[in-house]
Structures are given as C-alpha cells and as structure tokens.
**Q** 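Sharing a structure below in structure tokens format, with a few things to ask.
Each chain gets a letter, A, B and so on, in the order the sequences are listed, and its residues count up from 1.
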Protein chains: 2
Amino acid sequence: MNLPGPTAEAADATRDTAGGAPALRRIRARTTASMADVARLAGVSSQTVSRVSNGYAGVTEETRRQVLAAMKELGYRPNSAARALKRGEFRTIGVITFTLSTTGNVRTLEAIANSAAREGYAVTLLPVAVPTQDEVQGAFSRLEELAVDAVIVIMEVHLLDAATVTLPPHVQLVVADSDAGNHYTVVDTDQAGGTRAAVRHLLDLGHRTVWHLGGPEESFAAQRRTDAWRAALLEAGRVPPPLVRGDWSAESGYRAGLELAARDECTAVFAANDQMALGLLRALHEHGRRVPEDVSVIGFDDIPEASSFLPPLTTVHQDFAEVGRLCVQAVLSKMRRGGPERGTTLVPTRLVPRASTAPPPGSA
Amino acid sequence: MNLPGPTAEAADATRDTAGGAPALRRIRARTTASMADVARLAGVSSQTVSRVSNGYAGVTEETRRQVLAAMKELGYRPNSAARALKRGEFRTIGVITFTLSTTGNVRTLEAIANSAAREGYAVTLLPVAVPTQDEVQGAFSRLEELAVDAVIVIMEVHLLDAATVTLPPHVQLVVADSDAGNHYTVVDTDQAGGTRAAVRHLLDLGHRTVWHLGGPEESFAAQRRTDAWRAALLEAGRVPPPLVRGDWSAESGYRAGLELAARDECTAVFAANDQMALGLLRALHEHGRRVPEDVSVIGFDDIPEASSFLPPLTTVHQDFAEVGRLCVQAVLSKMRRGGPERGTTLVPTRLVPRASTAPPPGSA
DNA sequence: GCACTGGATGTTTACGCAAACATCAGCCAT
DNA sequence: ATGGCTGATGTTTGCGTAAACATCCAGTGC
C-alpha cells in the first residue's frame, strides 16, 4: 500500500526521464487524484472505488469506509469528462436565449436552472447576441460541440423555423414561451387566456372598447396577445381601435403613450407588458390624464415593481417559474423516453387587479 | 474506402454477435460519428482528422478537403467529453449566483456569458436557492464534480468567507460585485465613488443634508453605499440623518418611504437602488409630497425603466456589462498565468441627472 | 548517387472512468 | 462431500481524442 502524498508523484516520476525538470514534476504532482490513486491508497481495485463513488451496492461497509477515507485524504473528485465519455451523457442542459433583459426570460431561466439542479443537471447558457438567423444558427452550431444532453430555447421561434436546426443525435429540444406550431415540444404561457381576462376586465368595468399597446411585430408572444385582444373585442361585439406598437421597453411605451394620451376617446389601454405600461403611465400623467379616473391601464407579466407604479398596476400575472419547471420536466421526460413528443403545454395566467383600472369617466 | 452510410453500422456489426437483434444495431448505428469513422471514409488516419478538426498546419489542402467532406457527410462533431478528457480542460466557466431577481446580477451574468462566448468558453449556471452558508457550500461541492475550469461568484461574499471553499486544483475563482477583503480576485463597481457623486449632487443643489434609504444589512454592497453616504456627508460638514432600511424591493422602498414622507425636514433622499426609489416615489406621491419640488430623490443602478418613472429618476449608472467583461478577463488571465492575483478592480460609475432632483423648496 | 532535410501522414498510447466479465470465498442443499 | 449459488471484489476493455513518436517520401546539396 502506498503512502498518501507521494502516490501521484511516484506515478509521474515513472514517466519522467530521470533527472527531468523538478519544477515540472512538482506541478504535475498536483494534478487531481484519480480513481487509481484512491484505489492504491485504499488497497482495493479501482472498480471498487468506482462502486463506492457511484453508490452501488455490493461493497462491504468496511471497504466503503476505507475507500471514503482514501478519497478524502487525496481530495479525490470524479473527473466529469471521463465520466461523461464513458456514460455518454453530460447531465447538462443547454439554454439558448436571446436577451436577458426581459423579466420573463430571466425568471424562466432561473426556474430552469433551479429545476435542473434539483434533478442533478447543470445548465449551460448560450447567449445569442443579436436575434438574427445567423446568430441563432451560430448558437446551434456552437452547441453541437458543446457538452449538453438537451436544449431549451427561450426565444421567438420564427427564427428557429427557417434555421436548419441540426442537433446532435439524442439531444432533445424544448421551446419555451413561444408558439412553434407543432414542430417542437413547447411550453408556453396562456397568452390568449390572459389577454381575454384583461380585456373582459376592462369591458366589465364599463369601457366601450379597449386600446392596445402591442409588442414588437417580430415577437410571437406579442402577436398572440394582439390577436387575442382583437378576438376578445370582436367576440364582445366591440370595434377594435387602431393598434399602437412599442418594442417592450418603457421608453417605447412612453412614446406610444403620447399618441394615446392625445385621444380623448381612449379610456382603457391594454399594454402588452408592464414596462410599456410604465411608460404609458408617464405619458398619460404628463398629459394631465389621470389613471384610473380618466384612463384605465392594464399590463402583462406582473413584474415585482408593478405594485409600486403610480398608481399600482392592474396586470396579468405570468407564472414564469412554472414555465421553467415544465420545460425541464418535458425535456427530461423526452430524454428518458427518447420520443419526440410534440405538442404544447399551456401555463395559466391570473388577473391581478390593482389601482390602475376603474370604470370609465362619466359612468357614475 | 468505405461507403458513407454503412460505415458506423459495419463497425457495429463486427462487435455484434451474428444474428443479434437488428433493432439494437439500428439504434447503435445512429450514434454520432467518431473521428475513426470520418478517417475511414476519407481514407486517412484518425490523427489527420484530428489535425483538420483542430486547424493544425501540416495537412495538404487536398487532404483537408477530403476530410472536411467526410465530416460533413457523416455529420461529424467532435465529442467534447473525449476532448475535455484528453486536454484536461472544459472551456467552461461556472457562475455561482444567488438570485437572478436583481438587475445587477442578471446584467453581469449576461455580460459574462457574452464575453465568455467570445473567448470560446461556455458558461454554466449554478443557482443558489437560499443565501445561506450551507447552500453556498453545496454549490461549491456540486461544482467540484462539475465540468468547469474556472468559477465566477456573483454574490455577497461574507457567505464565502466562512465557507471552506475548496476548489478542485487548477480551478480559478473571481468574485464579482463584492468586497472580499483581499482573499480573492474581485471585480466591483465603484460603490463609494457613485455614492459620493449622488450625495454631492444633492448638496450642490442646496440641500442641507441627504437622507438615505439603504439596502439590507447583510449586503456588502448596501453596506458600502451606506458607509460612503455617511462619509460624504461628514466630509461636507453635514449631519447624517437616521438611516432607513429596505431590502432592495420596491415594496420595501414604499414602506420605508412612508416614514420619510412624514418628515417635513426631509428634502433629499438617496436610495440605494432604483427599485426602492420607485417605491419611495409612490409613498411620497401618496403623501402629497411632490418630487422634485418638495423632495429630491436619487437612485442607484440606472435600470432601463428609471427614465420612465414619475418623474424620471436621477440615478447613478452602473456598468454591469463592464463588470462582467472584466470578470471573464480576470479569470482567463488567471488561468493562463496560473497565478492567484489577488486584488480588486473597480469599475467607475456615472451620475445620470434626470427630473427627480432639484433645489430644495424655498431656495428660489 | 547518397545522405539529409522537412513536410505530410500514420501508429501508439494514455487520459479517467465504468460496464462486462472473471474470480473467489463462503454457504447451503443435496 | 460436492455442486451450485451468492455476494464481494478484481481484471479487462473501450469510450473518442490528441500528444508523442514513427514512418515515408520528395526534394536538396554535395
């Protein structure tokens, strides 16, 4: 049985030419201990170390203790590259996402990371700098030589559609927060349901119709909210007013809001997200239109700050955490079953009434 | 030279016992092509494939083309586990972070991911559910068997201090956004400078003194902003008013704001972040105290929404992107040099004057 | 013509782990 | 006692890659 310290060094010395640079040998001796080193110290075979390391049965308590002691002594850590090579899996999920500047993406990512961690999976981030075909394509090809078993995409998927998405074999794909027809497995928020609830809420308060501050054209989520808004109005026999668009940012909400504020007939606005609602509130305020007395405003997302807006914002709560959780669950179940399992899972939303909505003026 | 399709299958057939299950063989044939497969198809040795794959010199243009064609035909992708095993590095950086619900952490993370990607490194996320010793410890031990070459911690580091941080050998550590004495390499925002600029700005406008809505006690960042606020006042010969605390959230800012709004002598408040400033604005508004006519408010962070607050918020801009970039740079340079390189790098801040600050009332 | 050079390519080997198989001791039933 | 069985452990092997070393061949200089 070898002594603890010199183990690795001795092994190295064998390889070194006699009288080789001692400094080098010093460095190499510091290399992580391998299973073989542990085995030698514990006086067992490396296979037994492997069994202990993986918690397999069939090892005497006595032996196990010895091996564990040797591991501790040498500071042994299994080499994940070797393990992955042998097992053919990395226990890692790649997440492709465009920007982290929207609350939704971040919250979803966080939930994915937490759920994955709970399942023993790590999460590797693949940022896409610019949401263009080329960049998405690039992310996927970087991914191809990356150590992942599965991929979750948090992104508008029309960029995905045209991209010839060639995944390495056995790598599963799930798309979050997007409507990708049924080419992929999708986990999404019930955009339509949330929108309908928002529009109904305003109509129920007595508003004639509801204006819409929509998100950017290229966003599917925005598209669906806009479609659902129009449908809900038509369903109620109301005339949808002209659409006003922003780009999700508060600043764009402000600019769009200046337009809306100028129209006296506008008494209720459904903003496609809370940030734009914030900008809208500011524009209305600057134009002397009171919220909710003159104009009702409703948002979408329920970001934590929404309750501190002036006035506190009525909005549609999205359960990003649930979306993330379901993404991980879906991707893992695909991995386990190996099947493609197309289809969409919808996560419900919830209307959160606060102080920014009220009956229209003159409806006393 | 073998034909394209059957290559892998043939190799498998050799291993299979004659007449073995064809279904199984089918599946195994779908396995990713290896270098050997490519080599066989291209009619070269696998070492030549390796050379092409890694862009090494010493391969004829003719041969290279053939190899590339074979790779394409087989859909070859280098196996990153095998590569990592051989090279002893993963080209991956682990990021340990507590919550992703603060703008700063997220923006820093995003910058880290982007910078890392540019250097050919991937980023693996290690969320810490609760900021306790145990959890941090847990993240580090999970990390120990994770495939990373370096670690960046975005977290209040007092949790790190006591934790016996045992990293695998050769794994480098850099801490972002924290003040960790000089135990570690730290990249941080110039909290003190930003705070001083904020306080000066208010004093220059004519305010007697500046109140402070501080962050939570357990945060070093908050601690330093509070210290710097007090120091800046004392330096100017003013008396620091009692400290009011929040927990970074808008809601806590609102609650604390109710206190401040009740005090007529309070004409200027420095909030430790923009979210709390938002809550403060709401509290002041509800108490009929106008901003900036009656009370000036200044924030910290410059979140994108700050320009859309009511009124648009004067604040201290933090360059999170730069912090992230420098973290990656620091960690890579440590890896390359191998040295410990303790010390702190400070990233400057910038005051962004908007509409929430003005001279105190009665100073016409 | 011959030894020599250097570039292109092939061959061998080890990285660390774990599956598959081999061994071996102890024990039970016949 | 003998064969078979079970549980603990050891041995062999191969995963895909790339470093190190070996080989081969076309020139070059003499």
Side-chain angles (χ1 to χ4, degrees), chain A residues 7-8 11-12 14-17 20 24 28 31-40 42-67 71 74 76-91 144-145 147 168-170, chain B residues 7-8 11-12 14-17 28 31-40 42-67 71 74-91 145 147 168-170:
Chain A
T7 314
D12 275 341
T14 327
R15 271 177 244 131
D16 286 343
T17 41
L24 181 64
R28 301 182 81 216
T31 295
T32 324
S34 74
M35 270 191 10
D37 298 321
V38 176
R40 225 170 301 147
V44 299
S45 76
S46 64
Q47 183 53 39
T48 299
V49 177
S50 171
R51 283 189 266 258
V52 172
S53 175
N54 292 296
Y56 287 168
V59 180
T60 320
E61 191 49 42
E62 169 64 10
T63 310
R64 174 184 306 279
R65 254 202 309 277
Q66 277 180 22
V67 171
M71 281 179 174
L74 295 178
Y76 169 76
R77 292 292 153 184
N79 177 315
S80 40
R83 197 172 252 188
L85 177 59
K86 193 76 183 72
R87 297 213 263 228
E89 63 162 29
F90 302 96
R91 300 196 73 79
E144 283 182 337
E145 40 183 280
H170 302 307
Chain B
T7 313
D12 274 342
T14 326
R15 271 176 244 132
D16 285 343
T17 41
R28 302 180 83 216
T31 295
T32 324
S34 75
M35 272 192 7
D37 298 322
V38 175
R40 225 170 302 144
V44 299
S45 76
S46 66
Q47 183 53 38
T48 299
V49 176
S50 170
R51 283 190 266 258
V52 172
S53 175
N54 291 297
Y56 287 169
V59 179
T60 320
E61 190 49 42
E62 169 63 13
T63 310
R64 173 184 308 278
R65 252 201 310 278
Q66 277 180 19
V67 171
M71 282 179 172
L74 295 178
Y76 168 76
R77 293 292 152 184
N79 177 316
S80 40
R83 199 172 248 188
L85 175 59
K86 193 75 184 72
R87 301 213 261 228
E89 62 162 30
F90 302 95
R91 299 197 72 80
E145 39 183 281
H170 303 306

**Q** Specify the closest pair of heavy atoms between A/Y76 and A/S34, including all atoms of both residues, with the distance to one decimal.
**A**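 Residues A/Y76 and A/S34, closest heavy atoms: CE1-C, 3.7 Å.
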**Q** Minimum heavy-atom separation for B/A42 and B/V67, please, with both atom names.
**A**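 Answer, listing the atom of B/A42 first, then B/V67: CB-CA, 4.0 Å.
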**Q** Evaluate the criterion side chain to side chain donor-acceptor pair (under 3.5 Å) for residue pair A/T63 and A/R51; output intermediate values, then yes/no.
**A** CA-CA 11 Å; A/T63 310; A/R51 283 189 266 258; over 6 Å; no
**Q** Choose from D/dA18, C/dT9, D/dG10 the nucleotide whose nearest atom is closest to any side-chain atom of B/T48.
**A**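 Looking only at side-chain atoms, B/T48 lies closest to C/dT9.
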**Q** Provide, to the nearest angstrom, the distance between the CD atom belonging to B/E89 and the C1' atom belonging to D/dT17.
**A**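 Result: 13 Å.
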**Q** Can you check whether B/T63 has a side-chain N or O nearer than 4.0 Å to OP1 or OP2 of C/dT9?
**A**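 B/T63 to C/dT9 OP1/OP2: side-chain N or O found under 4.0 Å.
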**Q** Would you mind reading off the distance between A/Q66 atom CD and D/dG10 atom P, rounded to a whole angstrom?
**A**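 Roughly 10 Å, once rounded to whole Å.
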**Q** Check whether any side-chain heavy atom of B/K86 sits under 4.5 Å from a side-chain heavy atom of A/L85, and report yes or no.
**A**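 Side-chain contact under 4.5 Å: no.
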**Q** Please report, rounded to the nearest Å, how far the P atom of C/dG10 is from the CZ atom of B/R40.
**A**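 The distance from CZ of B/R40 to P of C/dG10 comes to 14 Å, rounded to the nearest Å.
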**Q** If every non-hydrogen atom of B/S46 is compared with every non-hydrogen atom of B/M35, which pair is closest and at what distance?
**A**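 Shortest heavy-atom contact: O-CE, 3.1 Å.
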**Q** Using OP1 and OP2 only, check whether a side-chain N or O of A/S34 sits under 4.0 Å from C/dG16.
**A**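 For C/dG16, neither OP1 nor OP2 has a side-chain N or O of A/S34 closer than 4.0 Å.
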**Q** Between B/K86 (NZ) and D/dT17 (P), how many Å, whole number?
**A**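 After rounding, the reported distance stands at 12 Å.
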**Q** Remember a base hit wins even if backbone is also touched, and classify A/V49 as base, sugar-phosphate or nothing at under 4.0 Å, heavy atoms.
**A**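 The answer is nothing, as A/V49 stays clear of every strand by at least 4.0 Å.
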**Q** Closer than 4.0 Å, any side-chain N/O of B/Y56 to the OP1 or OP2 of D/dT17?
**A**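 For D/dT17, OP1/OP2 do not have a side-chain N/O of B/Y56 under 4.0 Å.
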**Q** Side-chain N or O of B/T60 less than 4.0 angstrom from OP1 or OP2 on C/dT9?
**A**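 Answer yes for this pair, as a side-chain N or O of B/T60 is under 4.0 Å from OP1 or OP2.
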**Q** Distance check: side-chain N/O of B/R83 vs OP1/OP2 of D/dT17, anything under 4.0 Å?
**A**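 Negative; the distance criterion is not met.
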**Q** When the distance from CG of A/N54 to C1' of C/dC17 is rounded to whole Å, what number comes out?
**A**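 Distance check: A/N54 CG to C/dC17 C1' gives 9 Å.
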**Q** Would you mind reading off the distance between B/Q47 atom CD and C/dA14 atom C1', rounded to a whole angstrom?
**A**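 Distance, rounded to whole Å: 13 Å.
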**Q** Nearest whole Å is fine: how far is D/dA8 P from A/E61 CD?
**A**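 These atoms are roughly 11 Å apart.
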**Q** Tell me which nucleotide among C/dG16, D/dA18, C/dA20 gets nearest to the side chain of A/A82.
**A**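 Nearest nucleotide to the side chain: C/dG16.
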**Q** Do the side-chain N or O atoms of A/R51 get closer than 4.0 angstrom to the phosphate oxygens (OP1, OP2) of D/dT9?
**A**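 Result: no.
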**Q** Taking the side chain of B/L85 as its heavy atoms from C-beta onward, which of D/dG16, C/dC17, D/dA8 lies nearest to it?
**A**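 For the B/L85 side chain, the nearest candidate turns out to be D/dG16.
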**Q** Name the closest nucleotide to the A/M35 side chain, picking from C/dC17, C/dC15, D/dT11.
**A**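 Side chain of A/M35 sits closest to C/dC17.
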**Q** Roughly how many Å is it from CG in A/N79 to C1' in D/dC15, rounded to a whole number?
**A**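 Going from CG in A/N79 over to C1' in D/dC15 covers 13 Å.
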